[in-house]
Q: 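Let me begin by handing over the structure; questions about it come next.
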Number of protein chains: 2
Amino acid sequence: MSTHAAIAAHANRAVPGYLVSALAMTPNAGMGAALGAGVGAAIQPRNPADPLASLGHAKVYERETTVFTEGDAAGSVFRVMSGMVRLYKMLPDGRRQIIGFLQAGDMMGLAFAAQYLYTAETVTATTIQRIPRLELDALMDAQPAFARKLLSATTSELMAAQDQMVLLGRKTAAEKVATFLLRLSDRKCSGKGDDHTIDLPMGRSDIADHLGLTTETVSRTLTKLKSSRLIRILVGGKLDLLDRDALADLAGGF
Amino acid sequence: MSTHAAIAAHANRAVPGYLVSALAMTPNAGMGAALGAGVGAAIQPRNPADPLASLGHAKVYERETTVFTEGDAAGSVFRVMSGMVRLYKMLPDGRRQIIGFLQAGDMMGLAFAAQYLYTAETVTATTIQRIPRLELDALMDAQPAFARKLLSATTSELMAAQDQMVLLGRKTAAEKVATFLLRLSDRKCSGKGDDHTIDLPMGRSDIADHLGLTTETVSRTLTKLKSSRLIRILVGGKLDLLDRDALADLAGGF
DNA sequence: CGACTGCTTGAAGGATTTCAAGACGGGTGG
DNA sequence: CCACCCGTCTTGAAATCCTTCAAGCAGTCG
């Protein structure tokens with residue numbers, strides 16, 4: 001159940017309305033999203049074909065700023081234009097689980113519920129487009145194809161969430177960290193520059209809370225990867241993947 | 001990322017097409033799903049208002065039977081009419097993570113990808129409606145409202161997946177088991193009979209692989225709950241929740 | 001009635017956490 | 001421009017929860 005509870009099971013805790021799902025929603029992200037679609041291009045929020053471009057308005061948030069909090073009334077959805085955001089849920093006693101990190105092109109707050117289901121905070125300085133729920137509704141009504149894109153994007157999120165469940169439930173610390181680094185690397189696709197240098201703008205405790213570990217374990221694991229010559233840790237939150245194949249082995253599956 | 005990788009990040013590993021998402025899709029499950037909607041009623045796959053009722057055809061599967069396997073070409077989506085199904089992903093070395101358990105009304109295989117992303121097996125004897133992807137597409141084209149229902153249902157799945165991440169990443173064994181039992185209990189809503197007796201048709205190792213534990217730990221934890229008079233273990237895979245409040249405390253948040 | 005399979009229980013081991021200092025680095029102010 | 005400061009990261013050692021390894025036990029099914 002849990003992961004597949006029927007709508008009915010949720011009905012008593014969430015009034016219909018947009019809520020909390022985070023998902024990637026880029027101009028090229030729809031059903032027809034061809035293989036290799038966009039990558040770089042898809043990240044262009046100002047793509048002329050972007051149906052969302054004219055909605056709402058963008059705002060710059062400083063680093064370590066709250067965008068919205070779990071439980072807030074959910075009146076808008078958001079799209080990250082640049083920078084990085086973390087989404088997390090907290091247990092009553094303060095334990096935190098980071099659901100994911102969002103980058104340019106990713107959307108959040110898109111779901112049917114009256115309140116946001118998690119908290120969104122910026123990691124770095126971030127530009128975020130805020131789109132009132134009503135405007136999005138109107139767009140969905142006007143463009144059925146757009147509704148399909150949302151479904152497709154949400155579905156992709158679900159796939160990613162399932163991979164994360166495997167990681168959290170069945171992987172060791174080393175596998176978790178290796179998987180995380182490889183995902184970051186696949187994700188960026190930043191075209192320019194070394195394709196093996198990745199950005200780690202978030203702190204160790206963010207990584208830990210995403211992987212179900214402690215900061216100490218993350219640090220120790222990274223140190224071990226460094227000693228094994230699989231990675232090189234650079235200043236300024238950057239990191240080189242020196243042996244992607246070995247990392248993939250360590251990651252044990254995707 | 002992981003959990004929120006942009007579509008583009010998936011584009012190179014999954015050709016568009018229906019795939020893997022599992023979600024609850026019942027007649028009353030749409031956007032308008034009122035609070036308290038259906039529960040019992042929503043579980044009625046033959047509800048007259050059910051747009052899916054006339055699609056595909058139903059088949060009975062024996063217990064412990066494979067419905068489809070991760071990697072199979074994904075040509076159909078499925079809806080559980082009765083019984084229970086488990087969905088899981090495996091790591092190359094055999095470690096298994098059960099993504100969720102499906103009951104009457106839940107759908108699976110609904111996503112945009114060429115292959116199924118996980119394996120579906122029956123736990124008990126189960127009746128399953130198989131719906132060719134093309135028929136579902138046609139229905140979505142014909143009934144925009146239906147597409148919204150799918151989006152809503154998928155979104156609910158995502159919410160559940162996020163809760164499961166918190167469980168897997170940040171809860172202790174006792175909290176995991178308590179949470180699992182409470183979810184099962186909330187889920188069933190079987191109207192009739194003791195509202196504190198729940199069905200546990202799956203084995204200990206299924207529970208373990210869903211919660212990120214071992215069968216021994218699950219067994220020990222259940223024994224401890226029994227000793228504490230919080231539950232009573234009955235024959236035939238049934239179980240009484242004797243102190244729901246205490247369990248909720250133990251569960252530490254939803 | 002015996003063998004099988006799954007559940008329970010015990011004891012030992014290990015991976016990760018917890019507790020506790022240091023080291024590093026980056027930013028600020030003198 | 002350098003030094004100080006503070007937060008973060010790293011490293012160490014002890015503790016712990018959970019796993020692993022190993023038997024018993026129990027319900028089932030031929």
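Order of the sequence lines fixes the chain letters, A, B, ..., with proteins taken first and strands second; residue numbering starts at 1 for each chain.
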Q: Categorize B/Gly212 for me: base, sugar-phosphate, or nothing, with a 4.0 angstrom heavy-atom threshold over every strand shown.
A: sugar-phosphate
Q: Write down the distance between NZ (B/Lys171) and P (C/dT16), rounded to a whole number of angstrom.
A: 22 Å
Q: To the nearest Å, give me how far apart CG (A/Leu239) and P (D/dC9) are.
A: 13 Å
Q: Would you mind reading off the distance between A/Met202 atom CE and D/dT8 atom P, rounded to a whole angstrom?
A: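 In whole Å, D/dT8 P lies 15 Å from A/Met202 CE.
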Q: Any luck finding a side-chain donor-acceptor pair between A/Arg86 and A/Thr122 under 3.5 Å?
A: no
Q: Atom CG of B/Asp206 and atom C1' of C/dT5: how far apart are they, to the nearest Å?
A: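 In whole Å, C/dT5 C1' and B/Asp206 CG are 14 Å from each other.
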Q: Just to verify, which of B/His210, B/Glu121, B/Glu70, B/Arg96 counts as forming a side chain to side chain donor-acceptor pair (under 3.5 Å) with B/Tyr88?
A: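 Among B/His210, B/Glu121, B/Glu70, B/Arg96, the one meeting side chain to side chain donor-acceptor pair (under 3.5 Å) with B/Tyr88 is B/Glu121.
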Q: Taking B/Thr65 for its side chain and B/Tyr61 for its backbone only, find out whether a donor-acceptor pair lies under 3.5 Å.
A: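 No, the answer is negative, given that no donor and acceptor are paired below the 3.5 Å cut-off.
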Q: Would you kindly give the CD1-to-P distance between B/Ile233 and C/dT9, to the nearest whole Å?
A: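 Going from B/Ile233 (CD1) to C/dT9 (P), I get 8 Å.
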Q: Would you mind reading off the distance between A/Asp209 atom CG and D/dT8 atom P, rounded to a whole angstrom?
A: 13 Å
Q: Give the rounded distance in Å between these two atoms: NZ of B/Lys224 and P of C/dT8.
A: 13 Å
Q: Starting from the 5' end of DNA chain C, give me the residue, B/Thr215 or A/Glu216, whose nearest nucleotide shows up first.
A: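 The residue closer to the strand's 5' end, by nearest nucleotide, is B/Thr215.
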Q: If you pin A/Gly236 and A/Thr214 to their nearest nucleotides in DNA chain C, which one's is more 5'?
A: A/Thr214
Q: Where the side chain of B/Arg220 is concerned, which of C/dT16, D/dT20, C/dT17 is the nearest nucleotide?
A: D/dT20
Q: What nucleic acid atoms does B/Gly237 come within less than 4.0 Å of, heavy atoms only: base, sugar-phosphate, or nothing?
A: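 Nothing: the residue B/Gly237, judged by heavy atoms under 4.0 Å, touches no strand.
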Q: What is the separation between atom CG on B/Leu225 and atom C1' on C/dT8, rounded to the nearest whole Å?
A: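 Rounded to whole Å, this separation is 15 Å.
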Q: Between D/dC18, C/dT16, D/dT11, which one does the side chain of B/Leu213 approach most closely?
A: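 Looking only at heavy atoms from C-beta outward on B/Leu213, the closest nucleotide is D/dC18.
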Q: Check whether any side-chain heavy atom of A/Lys171 sits under 4.5 Å from a side-chain heavy atom of A/Thr179, and report yes or no.
A: yes
Q: Mark yes or no for whether A/Thr221, through its side chain, and A/Ser219, through its backbone, hold a donor-acceptor pair below 3.5 Å.
A: no
Q: Which nucleotide in the list D/dC18, D/dT11, C/dC7 gets nearest to the side chain of B/Ser219?
A: C/dC7
Q: OP1 or OP2 of C/dT17 less than 4.0 angstrom from a side-chain nitrogen or oxygen of A/Thr217, does that happen here?
A: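 Looking at the OP1 and OP2 atoms of C/dT17, one of them is under 4.0 Å from a side-chain N or O of A/Thr217.
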